[in-house]
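Residue numbers begin at 1 in each chain, while the letters A, B, ... track the order of the sequences.
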Protein chains: 2
Amino acid sequence: MAVSEAEAAVMEVLWRASPRSAEEILAEVGPAQGWQEGTVKSLLNRLLKKKAVKAEKDGRRYLYTPLLSREKYVSQESKGLLDRLFDGRVAPLVAHFSEQRKLSKKDIAELRKLLKELDDE
Amino acid sequence: MAVSEAEAAVMEVLWRASPRSAEEILAEVGPAQGWQEGTVKSLLNRLLKKKAVKAEKDGRRYLYTPLLSREKYVSQESKGLLDRLFDGRVAPLVAHFSEQRKLSKKDIAELRKLLKELDDE
DNA sequence: ATCGACAATTTACACGTGTAAACATTAATT
DNA sequence: AATTAATGTTTACACGTGTAAATTGTCGAT
C-alpha cells in the first residue's frame, strides 16, 4: 500500500535524520502541520504496518528509522505522475512548465548544465 | 475539491472529444478500466458536483462537456508534486530522472531543443 | 393512458486517510 | 509495593474514493 501525504510528512522528518523518537518527530512536524501527539503516533503506526519504517526499543520508547528511502519514494511518485499525465516521458513535462512560464532562470541554467554533463559521459 | 484518479480517466475521454454521452464514455473507458455502467454514471455525477464537467440535455440523455481544462488539471497535479518533492523547482526533478537513468534519447533531444528555443526569445 | 426501455439519480458499502481521544503498558519515584 | 508519568496501542469517526446496485424519471410505442 502507498505512503499517504500525511505519512510522507513524517517520513520527511526521518529522512532528514534518523533514528528519532515519536516525541522528536512531533516537535519537528507538529507545529508546522498543526498536529497533536496522537496524530503523529497514528501515522507512525500506519507506517510501521506498511513497512515504511522500523522501530527499535530504546528504554521506554521507540526510535524510528526509515525502511523506504526518499529516493525510492520520490521515484514512485514521480513515475506515477509522469505515466498518468505525460505518457511516461520527461520532456513533455518540462515543456509543460515552459509553456506555463514556470521555468525560473535558475531552472534553465541548471538544465543547461545537466545536459552538458550528459554530453561528457 | 480535487478530481480523483478514476474521475480523471473519465475526463481524459472528454478531453479527447466532447460533448459525449454517458454511453459513449462507457464504451471508450469501460473495457480498459473494467468498469460497469453504474461506475461511469457515478463518476460523472461526482464530476458534475465538482463543477469539472457540465451536462446539457439531448433528448432523453445528457451530453457532457469538460469545464476543467486538461491544461489546468495537469498544472495542478504537476505543481503539487513539484512543491511536495522538489521544492517547487523543475531542474531537480529532471536531475532525479537523470540519476535514475530514466531520460530517454528522445527526452534528451527534446530538452536540448526546448532550451535552444528559450534562447531565441 | 399504460407499459416498456433506457437513462439519470440515489443509495450502498468497504476501504484508506486525516485527525485524534481513550486505553494500556512500562519504567521511575515515593 | 503503589502511584504516577511517559509512551505506545487500540479504537473512533467523518470524509473521499472506487465500485456498483437499486430506484426513479422520461420518452416512445401500444
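Across all strands, B/S4 comes closer than 4.0 Å only to sugar-phosphate atoms, never to a base (heavy-atom distances). Within the 4.0 angstrom heavy-atom criterion, no nucleotide atom of any strand lies near B/K57. No contact: B/E37 has no heavy atom under 4.0 Å from any strand. Among the protein residues, B/K49 comes within range of no part of the nucleic acid, since none of its heavy atoms lies under 4.0 Å from any strand. If you check every strand for non-hydrogen atoms under 4.0 Å, B/A55 touches nothing.
Side chain of A/K50, nearest nucleotide from D/dA20, C/dT17, D/dT17: C/dT17. If you check C/dT17, D/dA6, C/dA20 against the side chain of A/R60, the one that comes closest is D/dA6. Taking every side-chain heavy atom of B/S42 into account, D/dT19 is the closest of C/dA8, D/dT19, D/dT11. For A/K41, taking side-chain heavy atoms from C-beta onward, the closest of the listed nucleotides C/dT9, C/dC6, D/dT7 is D/dT7.
Between A/E23 atom CD and D/dG8 atom C1' the separation is 13 Å, expressed in whole Å. The distance between atom CG of B/L43 and atom P of D/dA20, rounded to the nearest whole Å, is 10 Å. Per the geometry, CG belonging to B/D58 stands 14 Å off C1' belonging to C/dC6, to the nearest Å. Distance A/E7 CD to C/dT17 C1': 8 Å, rounded to the nearest Å. Atoms CZ (A/R61) and P (D/dG8) sit 8 Å apart, rounded to a whole Å. One atom, OH of A/Y62, and another, C1' of C/dA24, lie 13 Å apart when rounded to the nearest Å. A straight line from CH2 of B/W35 to P of D/dA21 spans 15 Å, rounded to a whole angstrom. Following rounding to the nearest Å, B/N45 (CG) and C/dT10 (P) show an atom-to-atom distance of 7 Å.
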Q: Just do the side chain to side chain contact (heavy atoms under 4.5 Å, CB included) check on B/F97 and A/L82 with the steps written out, would you?
A: CA-CA 11 Å; B/F97 282 108; A/L82 219 62; 3.7 Å; yes

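Mapping A/A2 and A/V40 onto DNA chain C by nearest heavy atom places A/A2 closer to the 5' end of the strand.
A side-chain donor-acceptor contact under 3.5 Å links B/W15 to the backbone of B/L68. Looking at B/R70, its side chain does come within 3.5 Å of a backbone N or O of A/L85 through a donor-acceptor pair.
A salt bridge does not link A/K116 to A/D119: none of the charged nitrogens lies less than 4.0 Å from a carboxylate oxygen.
Listed pair B/T39 / D/dG18 fails the phosphate criterion, with no side-chain N or O lying under 4.0 Å from OP1 or OP2.
Side chains of B/S78 and A/H96: a donor-acceptor N/O pair is absent below 3.5 angstrom, by distance only.
Below the 3.5 angstrom threshold, one finds no donor paired with an acceptor across the side chain of A/R46 and the base of D/dT9.
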